[in-house]
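Structure first, then comments.
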Protein chains: 2
Amino acid sequence: MPTGPDTPPTIADVAREAAVSKTTASDALRGHGRVSEPTRRAVLAAAERLGYAPNRSARSLRTSVTETIALHIPEFLTSAEYYMSFVFGVAEQAARAGLNVTLLSSGHLPHRGTVPQVDGLVLCDPVAEDPLVEQLMNSGLPVVTAERYVGDKQPTGVIWSDHETSMTELLDHLYDSGAHCPAFIASDTTSDWSTTLQRTHARWCRDRGVPKLDHGAPFGSAPDVLRGVVRDMLAETPRIDAVVCAADGAAAAVLPELRAAGRTVGHDLLLASCVDSTAMRTAEPPITAVDLRPRAMGAECARLLCEILSGETPRGTVRTLPIDMNIRASTRP
Amino acid sequence: MPTGPDTPPTIADVAREAAVSKTTASDALRGHGRVSEPTRRAVLAAAERLGYAPNRSARSLRTSVTETIALHIPEFLTSAEYYMSFVFGVAEQAARAGLNVTLLSSGHLPHRGTVPQVDGLVLCDPVAEDPLVEQLMNSGLPVVTAERYVGDKQPTGVIWSDHETSMTELLDHLYDSGAHCPAFIASDTTSDWSTTLQRTHARWCRDRGVPKLDHGAPFGSAPDVLRGVVRDMLAETPRIDAVVCAADGAAAAVLPELRAAGRTVGHDLLLASCVDSTAMRTAEPPITAVDLRPRAMGAECARLLCEILSGETPRGTVRTLPIDMNIRASTRP
DNA sequence: TACCGTTGCCGGAACGTTCCGGCAAGGTAT
DNA sequence: ATACCTTGCCGGAACGTTCCGGCAACGGTA
């Protein structure tokens with residue numbers, strides 16, 4: 001390991017080592033100018049020998065490209081598994097493209113009104129009311145959103161899933177399994193996902209001619225709040241024969257309450273969740289849920305952003321991510 | 001919004017606006033040189049008027065300070081709630097100190113053998129075998145680890161929790177509640193946390209004179225693997241009267257199996273987890289668990305790193321994060 | 001021979017910031 | 001009066017990179 005003094009080698013060191021000029025060294029490394037094959041190899045060898053790595057700051061100053069994207073995810077009290085997987089999907093895909101990922105916490109923005117100095121942004125489940133989201137949308141930077149943005153301004157790229165279809169399938173599945181009076185515990189956020197679920201549920205009830213039974217609960221609601229909601233609904237409408245929960249983890253939280261009400265989940269009462277997670281898989285009985293494939297979602301967002309940044313995909317591209325329903329014992333009467 | 005052409009204002013623009021030199025503008029903004037009060041105010045006003053924000057790349061090139069820290073968390077179980085909270089703890093605290101956080105995914109490092117260009121690193125639950133961890137430890141950058149590092153090289157700072165004491169308290173609690181034959185489902189990772197739990201369990205059994213019943217399971221084991229382990233243990237040693245699970249979420253996954261074995265959790269069999277999570281709170285019955293306070297852990301790591309970077313805290317500082325046990329119905333016979 | 005296009009390489013300016021050293025103006029002690 | 005310090009400001013170099021434009025050498029064509 002031929003480490004010099006203690007300051008990392010610069011391109012000037014590489015150039016000297018290879019007995020060429022800075023320009024030629026740079027051209028050889030970037031593959032940019034006209035460099036003969038032997039010279040190119042000599043430069044590469046010199047760089048390897050010295051352990052040269054380009055200084056990102058200098059390069060970024062010169063090219064005004066930061067090789068960094070920022071990731072914003074909504075901050076709820078509950079730490080939802082969905083977002084975790086999403087973050088890692090983004091991180092992995094970005095690393096594959098040689099990009100850094102920096103996290104934007106909703107709470108603190110370094111300087112009020114200052115936009116982060118990055119090449120692009122990924123917004124997960126953008127809530128139109130969030131002032132930071134709005135600011136980022138108007139930053140002029142390329143923005144890819146996971147799920148559609150309900151504001152006026154359109155993002156540079158979108159990956160979304162067809163929750164309308166999957167919610168309909170879920171309700172149909174319950175209906176086919178004999179549940180003709182399902183209750184829906186909606187999520188109170190104003191994300192596109194949340195409102196789509198509510199709209200779809202309402203229309204499905206109308207189409208099927210069944211009563212529309214729903215109740216909103218804030219996304220990160222505590223278990224006992226959710227249980228209270230369910231208790232009240234069951235007390236008010238005893239003929240409820242299925243419960244669908246929107247929020248991540250809510251179905252599992254509600255399970256004991258159903259049991260306490262004397263119902264047997266999977267038999268005289270079906271239970272399903274709009275978000276799959278370990279909690280759904282490990283519940284007793286395991287709970288039918290829609291797998292939103294968060295890791296794939298994150299990866300696709302990062303991929304699209306990379307493609308837009310490199311110009312190989314036009315701005316305004318919209319793609320969909322297929323999602324599946326995992327049918328489990330909680331809806332098999 | 002007095003936006004110029006379309007390129008953001010530089011410090012030269014601010015200087016011109018305030019009718020001073022670049023040097024004076026810089027000094028006034030940084031509070032560094034000797035600047036009279038009226039001049040200082042004029043520069044600040046000019047900067048405000050133009051919406052000036054310093055170019056991070058230029059600044060970083062000049063000062064060789066990136067204002068960025070990197071965060072590495074083990075790849076194997078990225079969906080664990082613990083890590084999610086940890087990440088947000090770091091992000092929030094770093095934002096408070098004006099630092100960016102970039103994620104390091106274990107899978108891909110931009111260039112093999114290249115160290116990220118950041119000011120410092122936070123490693124969560126460092127596993128000595130992970131080659132990336134080893135490389136980061138030897139990068140020469142300040143490193144703060146969450147939990148101790150079991151390799152030879154010592155991190156620049158450490159935040160750790162006293163799992164020995166809390167595990168002992170947990171086992172004592174079970175013992176006092178009548179469970180004299182507890183089984184321990186250990187986690188198979190080589191992190192300090194994991195080995196401490198196993199060591200403590202072994203010693204506790206010796207001290208108490210109870211049989212040492214344990215079995216390792218990989219950290220991210222699937223629910224049915226865990227259930228299989230428990231089934232076998234119960235079949236082999238029917239007098240087991242308590243089960244303690246190390247891995248995040250494992251206790252909830254195992255619950256149905258205990259029920260299937262004809263045991264009543266909280267009565268003739270106690271159940272506890274070494275990691276608290278929503279799954280523990282929402283389980284039926286709710287499961288006693290050690291709250292590792294991951295968000296606080298993340299925040300403390302970031303805080304310590306900031307302090308070390310700013311020089312206000314010496315290298316080699318080691319701090320502990322207190323953790324509590326949450327006693328729930330699963331251990332109240 | 002004269003002309004021209006191509007190839008391979010290089011000098012040096014520029015990106016935006018920080019900060020060293022210098023300088024003039026004014027004050028104070030000798 | 002000289003000597004000296006302090007205050008307030010500034011010129012300009014440096015950080016490491018990219019890339020524009022230029023130049024010499026060479027081979028091919030007329």
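Quick note on labels: first sequence line is chain A, next is B, and so on, each numbered from 1.
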Could you give the CD-to-C1' distance, from B:Gln117 to D:dT17, as a whole number of Å?
12 Å
If I take atom NZ in residue A:Lys22 and atom C1' in nucleotide C:dC15, what distance separates them, rounded to the nearest angstrom?
13 Å
Given atom CZ of B:Arg40 and atom C1' of D:dC9, what is their separation to the nearest angstrom?
16 Å
Short side-chain N/O contact to C:dC10 OP1/OP2 from A:Ser21, under 4.0 Å
yes
Any side-chain to backbone donor/acceptor pair from A:Ser191 onto A:Thr189? Under 3.5 Å, distance only.
no
Looking at B:Thr24, I'd like to know whether one of its side-chain N or O atoms comes within less than 4.0 Å of OP1 or OP2 on D:dC10.
yes
Taking CZ from B:Arg16 and P from D:dG11, how many angstroms apart are they, rounded to a whole number?
13 Å
Can you tell me which residue pairs pass the salt bridge (Lys or Arg N to Asp or Glu O under 4.0 Å) test with a partner in residues 300-311 of chain B, sequence neighbours excluded?
B:Glu300-B:Arg303, B:Glu307-B:Arg319
Give B:Thr10 one of three labels, base, sugar-phosphate or nothing, depending on what nucleic acid heavy atoms sit under 4.0 Å from its own.
sugar-phosphate
If you find the nucleotide of DNA chain D closest to B:Leu61 and the one closest to B:Ala19, which residue's nucleotide is nearer the 5' end?
B:Ala19
Return no unless some side-chain N or O of A:Ser26 is found under 4.0 Å from OP1 or OP2 of D:dC19.
no
The correct set of residues in residues 28-38 of chain B placing a heavy atom under 4.0 Å from DNA chain D is B:Arg34, B:Val35, B:Ser36
Return the value, rounded to whole Å, for the distance between atom CG of B:Asp27 and atom P of C:dC19.
9 Å
Nearest whole angstrom, please: distance from the P of C:dG16 to the CG of B:Asp13.
9 Å
Going by side chain to side chain donor-acceptor pair (under 3.5 Å), name the residues that satisfy it together with B:Arg30, two or more places apart in sequence or in a different chain.
none
Quick check against the 3.5 Å criterion: does A:Glu17 have a side-chain atom that pairs as donor or acceptor with the backbone of A:Ala46?
no
For A:Ala25, give me all partners under side-chain contact (heavy atoms from CB on, under 4.5 Å), at least two apart in sequence or on another chain.
A:Ile11, A:Ala15, A:Val20, A:Val43
Suppose we call a contact any N or O donor and acceptor under 3.5 Å apart; does that hold for the side chain of B:Thr23 and the base of C:dC19?
yes
What integer distance in Å separates B:Asn55:CG from C:dG16:C1'?
6 Å
Which of D:dG8, D:dC19, D:dT17 is nearest the side chain of B:Thr39? It is D:dG8
Among all residues two or more places apart in sequence or in another chain, which pass the side chain to side chain donor-acceptor pair (under 3.5 Å) test with B:Thr39?
B:Ser36
Considering only heavy side-chain atoms of B:Ala58, the closest of D:dG16, C:dG16, D:dC9 is C:dG16
Roughly how many Å is it from CZ in B:Arg41 to C1' in D:dG8, rounded to a whole number?
16 Å
Suppose we screen for side-chain contact (heavy atoms from CB on, under 4.5 Å). Which residues come up paired with A:Ala302, at least two apart in sequence or across chains?
A:Val90, A:Gln93
Considering just the side-chain nitrogens and oxygens of A:Ser57, establish if one lies under 4.0 Å of OP1 or OP2 belonging to D:dG16.
no
